[in-house]
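The block underneath contains the structure these notes are about, expressed in structure tokens.
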Amino acid sequence: MTGRSGRAASAGLPDILASELVKALETEITELRLPPGTKLVADDICARFGVSRSPVREALQVLAAEGLADYRPRRGMVVAPFSLARLDEIYACRGPMEALSAAGVAENATPLLVKQLDKLVSDMAKALHRGRNSDAFAANVKLTDLLHANCGNETLKRMLQMLDKQALRYRYYCYQKDREIVTAGIEANRALVEAIRQNDAATASRITEKLIKESWKIIRAALLEDEAIASDAQGREEGPPQKARGRTGEANRKPRTAATPR
């Protein structure tokens with residue numbers, strides 16, 4: 001290798017590291033190992049992953065562009081807090097987009113695809129029966145990814161991929177907190193797979209849009225039940241909470257995450 005090619009390889013290294021670092025941090029944010037509101041300190045990330053500051057800066061910029069991190073004056077970059085307004089925005093987009101994706105899958109479904117979807121719904125049910133909500137979530141994510149990959153619309157696929165990055169941690173949080181969303185997902189996805197098996201695009205679209213709406217309601221209710229998260233989210237949307245509520249400033253600043261890992 002010549003000196004010039006060696007320098008070119010070295011110059012490309014930060015991009016590779018930044019890409020890998022983004023994936024690692026996305027996973028930690030999704031699984032709430034980096035809870036909402038956590039300060040993202042560049043030096044700490046450098047030490048944990050054994051990388052220089054350059055890929056860390058790039059990774060944090062990507063996370064901010066994805067809506068997973070926010071810049072706060074005097075604090076720097078933090079994991080984006082849970083927000084009822086942001087949840088509403090995400091699911092207002094997810095409904096029609098996921099419905100369009102499901103219709104596209106139904107129009108072009110093959111027996112092999114239906115078999116793969118059937119297995120993933122079964123995996124969700126088995127995980128729920130064993131009380132392993134994290135495994136049910138993982139199977140649901142695989143099912144969603146498989147639907148997107150076979151929707152027949154590359155532009156829609158890219159848009160859903162970006163939207164999923166924001167939606168996943170809300171889903172993960174609720175999967176750990178409320179079995180209702182797992183049960184509803186299993187029942188609806190069984191019906192969806194049957195519609196796909198019959199190449200019934202209209203029914204697949206209708207089932208999906210209804211499921212997304214019901215999931216939004218369940219997740220929203222779960223966030224509102226968590227007083228720390230609800231107070232923080234509503235405070236950003238509607239102004240500071242009234243003193244009569246008896247919440248301390250510290251409690252409002254620090255959202256509480258699910259007690260158990262998703």
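With a 4.5 Å cut-off on side-chain heavy atoms, Asp70 and Val79 do not count as touching. Side-chain contact check for Leu25 versus Val62: every heavy-atom pair is 4.5 Å or farther apart. You'll find the side chain of Phe137 stays beyond 4.5 Å of the side chain of Val182, heavy atoms only. The shortest distance between side-chain heavy atoms of Met77 and Lys39 does not fall below 4.5 Å. Between Arg53 and Arg57 the shortest side-chain heavy-atom distance falls below 4.5 Å. Proximity of Lys115 to Arg197: side-chain heavy atoms (C-beta onward) are nowhere separated by under 4.5 Å.
Residue Tyr91 is grouped with residue Leu224 when hydrophobic side chains (ILVMFWY) are merged at heavy-atom distances under 4.5 angstrom, including chains of intermediate members. Hydrophobic clustering of Ile, Leu, Val, Met, Phe, Trp and Tyr side chains at less than 4.5 Å, counting indirect connections, keeps Leu156 apart from Met162. The hydrophobic cluster containing Val78 does not contain Leu32, counting ILVMFWY residues as joined when their side-chain heavy atoms lie under 4.5 angstrom apart, directly or transitively. One hydrophobic cluster, built from ILVMFWY side chains closer than 4.5 Å, cannot hold both Leu211 and Leu128; they sit in different ones. Leu17 and Val41 fall into different hydrophobic clusters, where Ile, Leu, Val, Met, Phe, Trp and Tyr are joined by side-chain heavy atoms under 4.5 Å apart, directly or via other members.
Heavy-atom minimum distance, Pro81 versus Arg169: O-NH2, 3.4 Å. Considering all non-hydrogen atoms of both residues, Lys177 and Ala222 come closest at CE-O, 3.4 Å. For Ala125 against Arg190, the heavy-atom pair with the smallest separation is CB-NH2, 3.7 Å.
Considering only residues two or more places apart in sequence or on other chains, Lys23 meets the salt bridge (charged side-chain N to carboxylate O under 4.0 Å, His left out) condition with none of them. In this structure Gln116 satisfies the side-chain contact (heavy atoms from CB on, under 4.5 Å) test together with Leu112, Leu113, Leu146, sequence neighbours excluded.
Taking the six-membered ring for Trp and thresholds of 30 and 60 degrees, Tyr170 and Phe82 have ring planes inclined between 30 and 60 degrees apart.
Atoms SG and CD1, on Cys174 and Ile181 in that order, are 4.0 Å from each other to the nearest 0.5 Å. For the atom pair CG of Leu87 and CD1 of Ile219, the computed distance is 6.0 Å after rounding to the nearest 0.5 Å. Rounded to the nearest 0.5 angstrom, Asp164 CG and His148 NE2 are separated by 5.0 Å. The distance from the CD1 atom of Ile207 to the CD atom of Glu194 is 9.0 Å, given to the nearest 0.5 Å.
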### Verdict with supporting geometry, Glu66 and Val22, side chain to side chain contact (heavy atoms under 4.5 Å, CB included)
CA-CA 10 Å; Glu66 292 175 345; Val22 167; 4.2 Å; yes
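At distances below 3.5 Å, not a single donor-acceptor pair connects side-chain atoms of Asn150 with backbone N or O atoms of Val105.
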